Amino acid sequence: MRITVQGEERECPGGTTAGEVLAAQASLAARVNGAVRDLSQVLAEGDAVEPVTFAEPAGREVYWHTSSHILAQAVKRLFPEARLGVGPAIEEGFYYDFDLPRPLEPQDLERISAEMGRIVGEALPLERREVTRGEAEERMAAGGESYKIELVRGLPEGEPISLYHQGEFVDLCAGPHLSDTGRVGAWKLLSVAGAYWRGDQRNAQLQRIYGVSFPTAQELAAHLERLEEARRRDHRRLGRELDLFSIQDEAGAGLVLWHPRGAQVREIIEDFWRREHRRRGYQLVFSPHIGREQLWRTSGHLSWYRENMYAGLEVEGQHYLVKPMNCPYHILMYRSATRSYRELPLRWGELGTVYRYERSGVLHGLLRVRGFTQDDAHIFCREDQLEDEIVGVLDLARYMLASFGFTDYEIVLAVRDPGNKEKYVGSDAGWDAAEKALVRALERAGLPFVRAEGEAKFYAPALDITLKDALGRGWQGPTIQVDFNLPERFDLSYVGPDGREHRPFMIHRTVLGSMERFLGSLIEHYAGAFPLWLAPLQVRVLPVAERHAAYARQVREALGAAGLRAEVDERDEKLGWRIRHAQLEKIPYMLVVGDREAAEGRVAVRHREQGDQGSWSLEELVGRLREEVAASGPRP
RNA sequence: GCCGGCGUAGCUCAGCGGCAGAGCGGCUGAUUUGUAAUCAGCGGGUCGCAGGUUCAAGUCCUGUCGCCGGCUCCA
């Protein structure tokens with residue numbers, strides 16, 4: 001028969017497998033007519049075959065999936081009474097869920113890992129067997145695999161059901177898989193965590209083992225090094241080391257204390273934010289932290305957001321609640337006067353601090369807190385302005401994020417579930433108009449996006465933008481929602497050219513998300529080494545000996561007068577020691593001043609990354625640093 | 001909230017039934033320092049908190065608060 005291997009036609013005998021024609025390649029699996037298959041797949045006349053390697057996501061998925069089976073086999077050998085949950089490949093590795101008679105301890109992972117080594121050594125072939133539903137159920141029942149039985153019963157009719165055998169181990173699995181267990185080179189079991197069966201809190205909690213594997217020990221080591229780098233960049237660690245912020249039991253979980261250094265960075269970002277918003281026709285407002293219960297009843301928060309709200313307090317017989325969002329206040333401001341179509345759009349921004357009850361298990365440094373400041377804004381506009389307003393927000397977001405070195409995004413357009421329209425508020429026409437405006441705005445901005453049906457909140461279609469940082473990790477970035485709920489509930493209107501009342505559209509948007517979360521991601525993105533415009537302390541002046549302190553202070557004054565943030569380290573320690581400390585604090589510039597410098601009115605410049613820059617005059621220093629501040633920051 | 005792990009000096013951590021420790025940081029003194037750690041000395045702890053077991057509890061048990069890894073959820 002004739003088949004095509006990597007674009008080349010070839011003649012081969014019937015019964016030839018994909019693995020045989022790809023034998024020369026380091027193939028993990030085969031792509032047969034576009035679908036990833038086992039190497040043992042028997043080819044048919046006219047098939048087109050391509051190798052699948054570890055270099056591509058599909059290859060890693062196969063590799064990690066098989067690794068998870070090896071993990072499961074090892075666990076079954078050590079814990080015969082274990083029942084299997086699911087064990088897929090994930091973005092960076094794999095996991096497998098188990099129902100075990102006792103909690104796993106760290107030493108168990110070592111034992112399991114060692115058993116995996118034996119299984120790999122045995123190079124057990126993985127064999128795919130297609131079975132009937134009854135056979136699959138029977139087989140799983142024989143092993144006492146109650147979770148697997150549930151999975152079999154849930155499989156759609158008509159789909160082939162396959163079991164994969166490797167040695168004494170059998171798993172219900174669609175595949176594909178590596179040809180044998182010996183093909184997994186190096187692996188590491190990383191952690192154990194609880195996970196609900198099928199992700200549902202009401203179900204049993206299983207023990208999930210996470211791991212990762214690679215063809216070679218070197219690749220595994222490199223991966224573990226990347227994980228280590230992520231740990232080094234952890235904003236919680238850097239926040240303490242650089243004295244940026246703290247979160248303390250005594251103040252309360254999830255409540256951030258901004259120390260002077262962290263507050264300085266935040267102030268720079270907020271100043272930039274305000275300037276940029278004013279430049280783009282926003283007006284800035286303020287609203288209070290608490291409000292009467294009636295307000296939250298009108299807004300609907302008491303019915304759909306209550307579990308995230310704090311109980312509140314009693315004032316002169318009135319019940320007040322702490323705000324979890326700023327929008328109701330902005331709406332009251334809108335409603336405080338009769339609005340004409342001529343005033344629209346109104347763009348109102350606020351760095352508004354809100355409080356939300358988050359369950360204790362989800363709190364995480366600055367990324368998930370209970371009190372945070374949103375860079376919030378609400379745009380009230382007419383339908384014919386909707387698209388331009390969204391384009392404006394996208395442009396603002398893109399500009400602001402680029403200023404912080406974020407240029408990679410993933411955009412999700414969350415829209416209604418078309419099969420379940422009744423669970424959303426607002427009119428069909430409104431949703432259609434909003435979705436059309438969002439899509440057209442994205443197209444005009446030239447931004448690719450993914451449409452996610454059923455992901456919209458009940459009151460609004462939305463754009464959710466995820467940022468990629470220096471390590472390629474994703475962070476929640478801007479969100480834009482077209483709200484159909486609040487204008488309705490507060491009966492907002494404007495008077496149109498026809499003299500009649502019309503309902504305005506309301507866009508709810510945030511660019512940075514919250515100051516807390518954004519700063520957290522920024523710290524990790526820059527690994528704590530902020531560019532000059534953001535660095536809380538830009539310069540540290542280091543007098544060589546005590547007699548140079550006066551000159552050092554003079555230098556600091558000159559820098560301060562030029563708008564630069566500088567400090568003198570007058571501690572009675574050797575220069576090398578003070579340089580070391582400045583380096584660890586990631587201060588961009590160190591200025592060494594001794595006899596030579598004091599005599600000539602110059603400074604010896606050391607940069608935190610580039611090292612010794614030689615001797616500069618004071619004017620040169622101020623000029624160059626100001627230039628760098630401007631160049632490293634946003635450009636209007 | 002749930003599962004597991006962990007709370008010992010400001011920080012990083014050792015000690016795991018028998019007199020609370022180390023390094024770094026801090027303070028004092030000496031030193032007057034030239035590009036990533038000068039030397040010496042001194043402080044510093046209800047061993048997260050509350051109960052319990054024991055002659056004796058950082059150490060074992062229970063509860064609680066907090067942190068970490070996940071699950072679920074979100075800016």
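Atoms considered below: every heavy atom in the structure, side chains included; atoms not considered: hydrogens, waters and symmetry mates. So that the names make sense, note that chain A is the first sequence line, chain B the second, and so on, each numbered from 1. Since the structure is predicted, the reported quantities are computational estimates derived from the model, not experimental observations.
- Atom-to-atom, CD of A:E573 to C1' of B:A37 comes out at 9 Å; the value is rounded to the nearest Å.
- Summarising the geometry, the separation between CD on A:Q610 and C1' on B:U35 is reported as 15 Å, rounded to the nearest angstrom.
- With sequence neighbours excluded, the residues forming a ring-ring contact (aromatic ring centres under 6.0 Å, His included) with A:Y282 are A:H277, listed by chain and number.
- Nucleotide B:G63 has B:C49 as its partner under the Watson-Crick or G-U criteria, with both atom distances under 3.5 Å.
- For A:R606 and B:A36, the shortest distance from a side-chain N or O to OP1 or OP2 is below 4.0 Å.
- With a cut-off of 3.5 Å on both Watson-Crick or G-U wobble distances, the partner of B:A36 is given as none.
- To the nearest 0.5 angstrom, A:L255 atom CG is 11.0 Å from A:S246 atom OG.
- For the side chain to side chain contact (heavy atoms under 4.5 Å, CB included) with A:M590, the lone residue among A:Q613, A:R608, A:R578 that qualifies is A:R608.
- At the heavy-atom level, A:A604 lies under 4.0 Å from base atoms of the strands shown.
- Across all strands shown, B:C27 is found opposite B:G41 as a Watson-Crick or G-U wobble partner, with both distances under 3.5 Å.
- A salt bridge links A:R274 with A:E270: at least one charged nitrogen is closer than 4.0 Å to a carboxylate oxygen.
- Summarising the base pairing, B:G58 is matched to no nucleotide, lacking a Watson-Crick or G-U wobble pair whose two defining distances lie under 3.5 Å.
- As the counterpart of B:A22, B:U12 is assigned, both hydrogen-bonding distances of the Watson-Crick or G-U wobble pattern falling under 3.5 Å.
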Contact list (N/O, under 3.5 angstrom) for nucleotides 9-13 of chain B vs protein:
unit_1 : atom_1 : unit_2 : atom_2 : d
B:U12  : OP1    : A:R240 : NH1    : 2.9

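- Base contact: A:E597 has a heavy atom under 4.0 Å from a base atom.
- A:Y355 comes within 4.0 angstrom of nothing in the nucleic acid, heavy atoms only.
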Query - Check against salt bridge (Lys or Arg N to Asp or Glu O under 4.0 Å), A:E241 and A:R232 - result: CA-CA 11 Å; A:E241 287 176 0; A:R232 274 194 292 274; over 6 Å; no
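- No engagement by A:E241 is indicated, since no non-hydrogen atom pair under 4.0 Å with the nucleic acid exists.
- The partner of B:C2 is B:G70, by the rule that a Watson-Crick or G-U pair needs both atom distances under 3.5 Å.
- Nucleotides B:A57 and B:U12 place their C1' atoms 25 Å apart, quoted to the nearest Å.
- Under the ring-ring contact (aromatic ring centres under 6.0 Å, His included) criterion, A:H259 pairs with no residue at all, not counting sequence neighbours.
- With sequence neighbours left out, the ring-ring contact (aromatic ring centres under 6.0 Å, His included) criterion links A:W348 to A:F380.
- Among residue pairs with one or both ends in residues 586-601 of chain A, those qualifying as salt bridge (charged side-chain N to carboxylate O under 4.0 Å, His left out) are A:R547-A:D595; sequence neighbours excluded.
- When all heavy atoms of A:S113 and A:W187 are compared, the closest pair comes out as OG-NE1, 3.1 Å.
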Report summary line: Nucleotide by nucleotide, nucleotides 65-75 of chain B touches protein heavy atoms under 4.0 Å in the pattern (B base, S sugar-phosphate only, - none) -SSSBBBBBBB
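- With the nearest nucleotide of RNA chain B identified for both A:L206 and A:D595, A:L206 has the one nearer the 5' end.
- Counting any heavy atom pair closer than 4.0 Å across all strands shown, A:G576 reaches sugar-phosphate atoms only and no base atom.
- Remark: A:R233 engages A:E229 in a salt bridge, criterion side-chain N to carboxylate O under 4.0 Å.
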